[in-house]
Amino acid sequence: MLGAVRRFGVSQALRASAPRSLSARWAPQLLKWQAPTSQAPVLAKFLHTSFPALNAASAQVTETLENVSQEPEFITEFADLKTKGLIDASIIRNITHPGRMALTTMTEVQSQTINQMLGGVDVLAQAKTGTGKTLAFLIPTMQNILSDPTLKRAQPQGRHRSTGAGSSDIRALIISPTRELAEQIAAEAIKVAQGTGLVVQTAVGGTHKRSGLMRIQRDGCHLLVGTPGRIKDILSDPSSGVSAPKLNTLILDEADRLLDQGFSQEINEIKNLLPDPFKVDRQTLMLSATVPKEVMTMVKRTMKPDFKFIRTVRDDEVPTHVRVPQKTVFLQGYENALPTVLELAKTYQARQAEDQNLRPFKAIVYFNSTNEVNLAAEAFMALRGIPGDGRSRSPLGRMRVHQIHSRLTQAARTNSANNFRRAEEAILFSSDVTARGMDFPEVTHVIQVGPPRDRETYIHRIGRTGRAGKEGEGYLLLHDGEYEFYQDKLGDLPLTEDNTLSTASLNMARDLETASPAAAETIEQIKEAMNEVSPIMKESTYRSQLGTMSQSFTKKRNAILALNNLAIHGYGLAEPPAVKASIARNLGLDRIKELKLEEGGSFGRRAIDPFDSGRRGRSFDDSPFGGRRSSNRGRSSHGRSGHFGESRESRRDSPNRYGDAVFGARPRY
DNA sequence: AAAAAAT
């Protein structure tokens with residue numbers, strides 16, 4: 001609105017933006033008021049306060065006007081921000097010094113937004129993944145705080161302690177949809193703030209609330225970074241001593257996520273705990289790689305009417321990087337998924353051994369449920385105890401295996417994230433906790449098993465690779481029965497079909513004799529590893545997948561058939577697990593005869609939560625055995641009974657290996 | 001039955 005008033009004068013801006021409800025009584029009078037341009041901010045504020053409904057309409061005007069407007073001169077070097085007196089010298093030193101962050105040139109988002117954000121206007125910034133959005137909002141936010149002459153900076157005192165800053169002087173609140181992303185933003189903020197006297201604190205769930213509060217009370221806080229639940233908890237707790245009466249900046253990272261169904265209510269509750277924006281002027285900044293149309297109403301409701309929508313992704317452009325070739329692989333069945341992941345790892349490792357220019361294999365494998373992540377991670381961990389191809393000790397060589405999802409303890413999650421961040425050659429099995437914003441350096445592959453729930457999720461997941469100008473590749477592993485879902489959700493994205501992976505297209509119930517030795521070996525290894533995984537976990541995973549697959553498959557019956565094949569040929573279960581009749585009914589699956597129902601009504605066997613069966617709190621990363629499973633490895637490699645006692649060779653030669661006898665009529669354990 | 005997020 002403010003922009004519109006500045007450019008076109010009061011009357012024209014009003015004519016363009018006045019909603020019907022307003023025009024009847026007020027608009028004619030307002031239109032008569034030819035305010036001088038200098039009055040524009042006052043007018044805009046008055047209109048905003050008096051007619052909240054004006055928000056939506058006026059913001060739209062600003063947005064369209066932005067496309068017409070001339071862009072001012074852009075600064076592209078960090079050093080120039082200092083020489084032009086725009087940004088504090090310590091901040092710029094932290095960014096540019098070779099021993100610190102060692103950056104010289106700004107990215108496109110950075111040079112387009114920093115100046116605007118310094119001016120205090122609300123900004124919604126959309127830019128591709130991995131292009132430095134965090135720094136883009138941290139720099140102007142810190143500068144704006146430092147520009148206040150009344151600011152009490154922290155004074156260094158002793159080794160880790162400092163004093164001077166208060167716990168009720170939060171100037172900027174940064175909200176993130178996941179705990180790990182909040183931690184990552186805080187870590188970057190601390191680097192940028194070094195030597196400025198600004199104090200950065202975090203507030204996330206899964207940590208001790210009291211010790212976090214004590215840190216804030218002891219050292220003070222100017223920028224608080226956190227997740228919605230804990231931030232709300234702290235700000236609404238009068239005994240915490242933490243408050244933000246002078247809050248000037250509210251930042252929503254991954255804004256579209258925070259404004260959608262699951263989060264928007266909590267964000268509103270947080271806003272209600274903050275000072276009235278008409279008494280304490282507040283800048284709102286929102287950032288994301290994706291801004292679906294549906295969230296624009298929420299964006300406009302949260303921002304001032306004159307907000308700027310700055311996009312470095314053109315409207316007609318697909319918001320993924322061309323540097324990241326993206327392939328869709330249609331699997332013979334979901335039982336082919338893990339063999340395919342292993343094949344991708346092995347073939348890349350083999351290429352990398354020949355080509356010094358290739359980086360080590362560092363992959364994130366995404367699944368749609370926590371159970372699938374856990375199952376895959378357990379299987380791959382077990383793989384490390386299986387004799388490898390040729391001379392190597394395991395099929396994975398020296399590759400480390402990590403997993404991360406919400407049902408691990410926070411300590412285990414943090415460990416996984418840190419270990420994977422530092423790892424050279426590793427594979428991270430992950431839920432969508434890491435899909436947004438996480439910056440793991442040098443990720444070479446993003447592999448998605450099953451279709452992402454929506455287009456945005458796909459874009460953010462693929463954005464974990466190809467960051468900061470680096471290369472990367474993406475794979476999406478799907479079932480034929482999901483073709484329509486795929487076309488519908490991801491049809492316009494630059495995916496090309498790939499059928500070069502031999503373990504992807506094998507029929508695991510039939511074709512093993514005709515398979516290449518390498519493919520057969522890979523499948524054998526996964527099968528053997530899968531035997532190490534508890535059947536309880538497999539059954540829970542099956543039940544988890546019912547919900548997602550019955551939605552992504554065009555025909556529900558095909559989803560069940562695919563899932564049953566996965567249970568038998570992939571998980572090695574003797575038969576598909578039974579499901580509660582009530583659940584089958586809820587999913588609209590009760591007429592599908594291939595879905596096995598539990599008997600005995602409400603007295604049927606209760607589903608057991610694998611996370612409650614003794615493994616809670618002990619991930620691979622925080623186990624005392626240095627990431628190796630300590631369980632029955634020794635026992636399992638010798639003295640097996642029945643099928644599993646046979647040598648790998650004899651099994652490979654046996655006919656009908658993938659019939660129902662493959663894993664034995666009765667699974668071990 | 002399906003990510004995430006306060007205890």
Side-chain angles (χ1 to χ4, degrees), chain A residues 175-183 202-210 212-213 226-237 240 252-254 256-270 273 364 366-374 403-410 413 429-438 448-454 456-458 460-461 482 485 539-553 556 559-560 563 576-590 592 595-598 606-611:
Chain A
I175 311 181
S176 136
T178 65
R179 298 166 182 177
E180 285 76 13
L181 182 56
E183 301 279 8
T202 57
V204 298
T207 58
H208 294 292
K209 183 183 165 190
R210 252 194 46 209
L213 282 177
T227 42
R230 182 55 62 85
I231 289 178
K232 196 183 108 192
D233 185 17
I234 287 183
L235 291 178
S236 61
D237 178 356
S240 72
L252 305 189
D253 199 12
E254 307 298 340
D256 57 330
R257 175 71 191 88
L258 290 174
L259 293 176
D260 86 7
Q261 257 282 297
F263 275 119
S264 62
Q265 198 193 325
E266 238 169 353
I267 298 299
N268 274 328
E269 286 166 14
I270 292 174
L273 295 165
I364 307 180
Y366 284 105
F367 295 88
N368 289 324
S369 67
T370 55
N371 276 323
E372 287 169 85
V373 174
N374 205 336
Q403 67 163 327
I404 188 166
H405 55 77
S406 66
R407 296 182 77 182
L408 298 173
T409 63
Q410 190 52 42
R413 285 170 59 166
F429 292 97
S430 179
S431 69
D432 283 323
V433 242
T434 68
R436 281 172 176 263
M438 292 304 295
Q448 312 192 31
V449 180
R453 43 185 45 73
D454 49 41
E456 285 70 42
T457 303
Y458 174 86
H460 287 278
R461 284 172 168 184
E482 295 168 309
F485 185 89
E539 290 176 9
S540 318
T541 306
Y542 178 95
R543 295 192 185 96
S544 303
Q545 292 178 277
L546 271 180
T548 50
M549 283 173 65
S550 61
Q551 276 173 38
S552 57
F553 276 68
K556 284 188 174 10
I560 301 305
L563 205 39
V579 172
K580 274 190 188 151
S582 56
I583 289 165
R585 215 176 312 115
N586 285 343
L587 293 172
L589 301 169
D590 46 346
I592 294 166
L595 182 64
K596 213 175 113 190
L597 296 181
E598 277 182 10
R606 287 260 293 281
I608 301 164
D609 183 345
F611 293 94

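Just so it is clear: chains get the letters A, B, ... in the order the sequence lines come, proteins before strands, and each one is counted from 1.
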Legend entry - Under-4.0 Å side-chain N/O to phosphate OP1/OP2 contact, A/Ser406 with B/dA3: no
Legend entry - Which nucleotide in B/dA5, B/dA1, B/dA2 has an atom nearest any side-chain atom of A/Arg179: B/dA5
Inset, instruction - Scan A/Asp233 against the nucleic acid and name what it touches under 4.0 Å (heavy atoms): base, sugar-phosphate only, or nothing. - result: base
Inset, instruction - Remember a base hit wins even if backbone is also touched, and classify A/Lys232 as base, sugar-phosphate or nothing at under 4.0 Å, heavy atoms. - result: base
Inset, instruction - For A/Arg257 and A/Arg436, indicate whether the former's side chain and the latter's backbone hold a donor-acceptor pair under 3.5 Å. - result: no
Legend entry - Nearest-nucleotide pick for A/Arg453, side chain only, options being B/dA1, B/dA2, B/dA4: B/dA2
Inset, instruction - With heavy atoms under 4.0 Å as the rule, sort A/Gly262 into base, sugar-phosphate or nothing. - result: base
Inset, instruction - Verify the contact: side-chain N or O of A/Arg461 to OP1 or OP2 of B/dA3, cut-off strictly under 4.0 Å; return yes or no. - result: no
Inset, instruction - Would you sort out whether A/Gln410 and A/Val204 count as a side-chain contact (heavy atoms from CB on, under 4.5 Å), showing the intermediate values? - result: CA-CA 10 Å; A/Gln410 190 52 42; A/Val204 298; 5.7 Å; no
Inset, instruction - Taking only the side-chain nitrogens and oxygens of A/Arg436, find out if one of them lies under 4.0 Å from OP1 or OP2 of B/dA3. - result: no
Legend entry - Value in whole Å for how far the C1' atom of B/dA3 lies from CG of A/Leu258: 14 Å
Inset, instruction - Rounded off to whole Å, could you give me the CD1-to-P distance for the A/Ile560 and B/dA2 pair? - result: 14 Å
Inset, instruction - Ignoring backbone atoms, test whether A/Ser550 places a side-chain nitrogen or oxygen under 4.0 Å from the OP1 or OP2 oxygen of B/dA2. - result: no
Inset, instruction - Using atom types as modelled and distance alone, determine if a side-chain donor or acceptor of A/Tyr366 lies under 3.5 Å from a backbone N or O of A/Thr434. - result: yes
Legend entry - Candidate nucleotides B/dA1, B/dA2, B/dT7, ranked by approach to the side chain of A/Thr548 - the nearest: B/dA2
Legend entry - Closest nucleotide among B/dA4, B/dA1, B/dA2 to the A/Val433 side chain: B/dA4
Inset, instruction - Give a yes/no on whether any side-chain N or O of A/Ser431 is located under 4.0 angstrom from OP1 or OP2 of B/dA4. - result: yes
Inset, instruction - Could you tell me whether A/Gln551 contacts a base, only the sugar-phosphate backbone, or nothing, with contacts defined as non-hydrogen atoms closer than 4.0 Å? - result: base
Inset, instruction - For residues A/Leu546 and A/Leu595, determine if any side-chain heavy atom of one lies less than 4.5 Å from a side-chain heavy atom of the other. - result: yes
Inset, instruction - Return no unless some side-chain N or O of A/Thr227 is found under 4.0 Å from OP1 or OP2 of B/dA6. - result: yes
Inset, instruction - Determine: side-chain N/O of A/Arg407 to OP1/OP2 of B/dA5, distance under 4.0 Å, yes or no. - result: no
Legend entry - Distance-only donor-acceptor test (3.5 Å): side chain A/Arg257, base B/dA5: no
Inset, instruction - Without swapping roles, check the side chain of A/His208 against the backbone of A/Arg210 for a donor-acceptor pair under 3.5 Å. - result: no
Inset, instruction - Tell me what A/Leu546 touches on the nucleic acid: a base, only sugar-phosphate, or nothing, going by heavy atoms under 4.0 Å. - result: nothing
